[in-house]
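We're numbering straight along the sequence, starting at 1.
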Amino acid sequence: MNKRRIVSLLLALALCLGLSAPALAAGKFTDVPPTSPFAAAIDWAVEKNIANGTTPTTFEPGKTCSVSQILRFLWRASGRPGDTGNEGKAVEAWAAEHNLWGDFYQGCNRAEAVWLIWKIKGEPAPAKEANFSDVMTNSMYRTAISWAVEAGITQGTGNGTFSPAAFCTRGQIVTFLYRAYGDSLAVAPEAVPRPTTIDVSSNTVTDSTNHVITSWTVADNGYPTGTLNNGQPITEENVCALIKEMKDTGYWPDGMVWGDTIKTTLPNNCYNTKDAKQMLELSNRIDTSTRGGCGGFAALVSDYVFGKTSNPIRRLEDNSKVRVGDIMVYRYSDTNVVWHVTVFTSYEVSELTGETGLNHSDAGGVNGVITWRGSGSGVAQPEFFLGGNSVSRYEIWTRYPA
């Protein structure tokens, strides 16, 4: 699927997500009290018909804003160029004209947001480069981030960081646009909300040598089968958004050591699978750990998205039906022994073929590191997983409804 079609489909989807609900002043939204730090920006956005409520009485300022949604907001803030009555097509043409792109399937992060605004503002050069510990000097977003800080659109998130990969919410996005296009406001560091599905309380377990190791847990929010761990319906789009939310929390960064419970090398993180009914079922079925190593990381991701106890896991009969959120088990072709477990976490455009395919992430096995793979490796079409090769064969396990 090409970029233009992706933009078109998602801009159409944005209309279905409530972006055109009747305009109301922010004070009339039940979820935007007058004391909200986003109240003035939401008032401005509603008055200018840049962003409206998701329902007649709610704005959902804390809801993640997708790239396709910010493109629509930016188009409206820029004067609705090329509007002939079909807003979706006008935004699509405008985005293509200005070479605006991004991961349209998922949420918009802080770096992407300021980059898109910077592009539409004519790519102005900042007087000096901003210095944030988490923004690399060679980052493609660094100039845009520096300009945004200098222009008073945003500052860092505290302690010398910018949190470029953190999701932007609807409230944050309209605040950025308010500062870029409307009346100025005093800039304060924006809080980066932590997802409610993470249990970050102190959790430790002891291995067979009495070595204390970190034990991550995921809160099971008790939603019934047929919904995700945040209460949303099970759709591939919602699964993608939850996985990106997990990736962007910063709790499990790229390169983090992911150990096994029987090892004593520090750091030694593992997943506490207590009460993780579905992933323990998988562990029994494939005869491998879903606590440490690659199996533990796959279990963590799966439970973060689908919950610990709901959404029964099952073997996928047709591997070509694999989707984001599914788990792939590698078995040696000759012995049938499991040697690796990964979880599909995104759709990416392959740098080798230019085609959009599934990508996976893993923890590299025992005492390996977490790898959130990019487009340079791991991208494959679903048909690739139908068979196997002389070394390995693939099993796909899913928690999507049958």
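How far CG of L242 is from NZ of K247: 15.0 Å, rounded to the nearest 0.5 Å. Distance CD1/I70 to CG/L116: 5.5 Å, rounded to 0.5 Å. Rounding to the nearest 0.5 Å places CH2 of W75 at 9.5 Å from CH2 of W94. Separation of atoms CE (M246) and OG (S361) is listed at 9.5 Å; rounding is to 0.5 Å. Note: T154 OG1 to I117 CD1 = 9.0 Å, rounded to the nearest 0.5 Å. Put simply, SG on C294 and CD1 on I370 are 12.0 Å apart, with the number rounded to the nearest 0.5 Å.
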Step by step, work out the ring pair (Phe, Tyr, Trp, His ring centres under 6.0 Å) result for F297 and Y271.
-> CA-CA 7 Å; F297 181 71; Y271 176 45; 9.9 Å; no
Check step by step if side-chain contact (heavy atoms from CB on, under 4.5 Å) holds for R80 and N49.
-> CA-CA 11 Å; R80 301 170 178 260; N49 201 23; 3.0 Å; yes
Could you please spell out the steps behind the side-chain contact (heavy atoms from CB on, under 4.5 Å) verdict for F73 and I173?
-> CA-CA 9 Å; F73 294 164; I173 289 294; 3.9 Å; yes
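Every side-chain hydrogen bond (donor to acceptor under 3.5 Å, both in side chains) that N238 has, sequence neighbours left out, goes to T235. For N109, there are no side-chain hydrogen bond (donor to acceptor under 3.5 Å, both in side chains) partners, not counting sequence neighbours. Legend: residues meeting side chain to side chain contact (heavy atoms under 4.5 Å, CB included) with A165, ordered by chain and number and at least two apart, are D248. In this structure, the salt bridge (charged side-chain N to carboxylate O under 4.0 Å, His left out) partners of K119, at least two apart in sequence or on a different chain, are E123. T227 pairs by the side chain to side chain contact (heavy atoms under 4.5 Å, CB included) definition with Y223, P224, not counting sequence neighbours. With sequence neighbours excluded, no residue satisfies salt bridge (charged side-chain N to carboxylate O under 4.0 Å, His left out) with D326. Partners of R285 by side chain to side chain contact (heavy atoms under 4.5 Å, CB included), not counting sequence neighbours, listed by chain and number: E281, W397. Applying the side-chain hydrogen bond (donor to acceptor under 3.5 Å, both in side chains) test to N336 and every residue at least two apart in sequence or in another chain returns R393. Applying the side chain to side chain contact (heavy atoms under 4.5 Å, CB included) rule to K277 yields the partners T309; only residues at least two apart in sequence or on another chain are considered. With sequence neighbours left out, T225 forms a side-chain hydrogen bond (donor to acceptor under 3.5 Å, both in side chains) with no residue at all.
R179 and I153 make their closest contact through NH1-O, 2.9 Å (heavy atoms, listed as atom of the first residue, atom of the second, distance). When all heavy atoms of T54 and E60 are compared, the closest pair comes out as OG1-OE2, 2.8 Å. Between S163 and D134, the closest heavy-atom pair is N-OD2, 2.7 Å. The minimum heavy-atom distance between Y181 and I120, with the atom names listed, is OH-CG2, 3.3 Å. When every heavy atom of C65 is checked against every heavy atom of Q69, the shortest pair comes out as CA-OE1, 3.4 Å. Of all heavy-atom pairs spanning E236 and V324, the tightest one is OE2-N, 3.2 Å.
Panel note: side chain K308, backbone V218; a donor-acceptor pair is recorded below 3.5 Å. In this structure, the side chain of N221 engages the main chain of N229 through a donor-acceptor pair within 3.5 Å. Side-chain atoms of T175 come within 3.5 Å of backbone atoms of G171 as a donor-acceptor pair (strictly under, hydrogens ignored). Side chain of T398 to main chain of L316: no donor-acceptor pair is present (N/O by atom type, distance under 3.5 Å, no hydrogens or angles). Under the 3.5 Å distance criterion, the side-chain polar atoms of K244 are left unmatched by any main-chain donor or acceptor of C108. A donor-acceptor pair under 3.5 Å is formed between the side chain of R76 and the backbone N or O of I50.
Between T157 and R110 there is a side-chain heavy-atom pair separated by less than 4.5 Å. Between E395 and I286, some side-chain heavy-atom pair lies under the 4.5 Å cut-off. P61 places a side-chain heavy atom less than 4.5 Å from the side chain of I42. T345 has its side chain within reach of W372: a pair of non-hydrogen atoms, C-beta onward, lies under 4.5 Å apart. Counting only heavy atoms from C-beta outward, the side chains of I145 and W118 never approach each other to under 4.5 Å. With contacts defined as side-chain heavy-atom distances shorter than 4.5 Å, the pair R315/I396 does not qualify.
Residue pairs meeting the salt bridge (charged side-chain N to carboxylate O under 4.0 Å, His left out) criterion with at least one partner in residues 338-347, sequence neighbours excluded, do not occur; the list is empty. Annotation: side chain to side chain donor-acceptor pair (under 3.5 Å) contacts involving residues 137-153, sequence neighbours excluded, comprise E129-S146.
Below 30°, between 30° and 60°, or above 60°: for F306 and Y400 the angle between ring planes is above 60°, a perpendicular geometry. Taking the six-membered ring where the residue is Trp, W44 and Y178 present tilted rings, their angle falling between 30° and 60°. F29 and F59 have tilted rings, their planes meeting at an angle from 30° to 60° on a 0 to 90° scale.
Both tests do not hold together for R323 against F344: distance to the six-membered ring centre under 6.0 Å, angle to the ring axis within 45°.
Under the 3.5 Å distance criterion, with hydrogens and angles disregarded, a donor-acceptor pair is assigned to the side chains of R399 and S302. When only modelled atom types and interatomic distance are considered, E245 and Y304 share a side-chain donor-acceptor pair under 3.5 Å.
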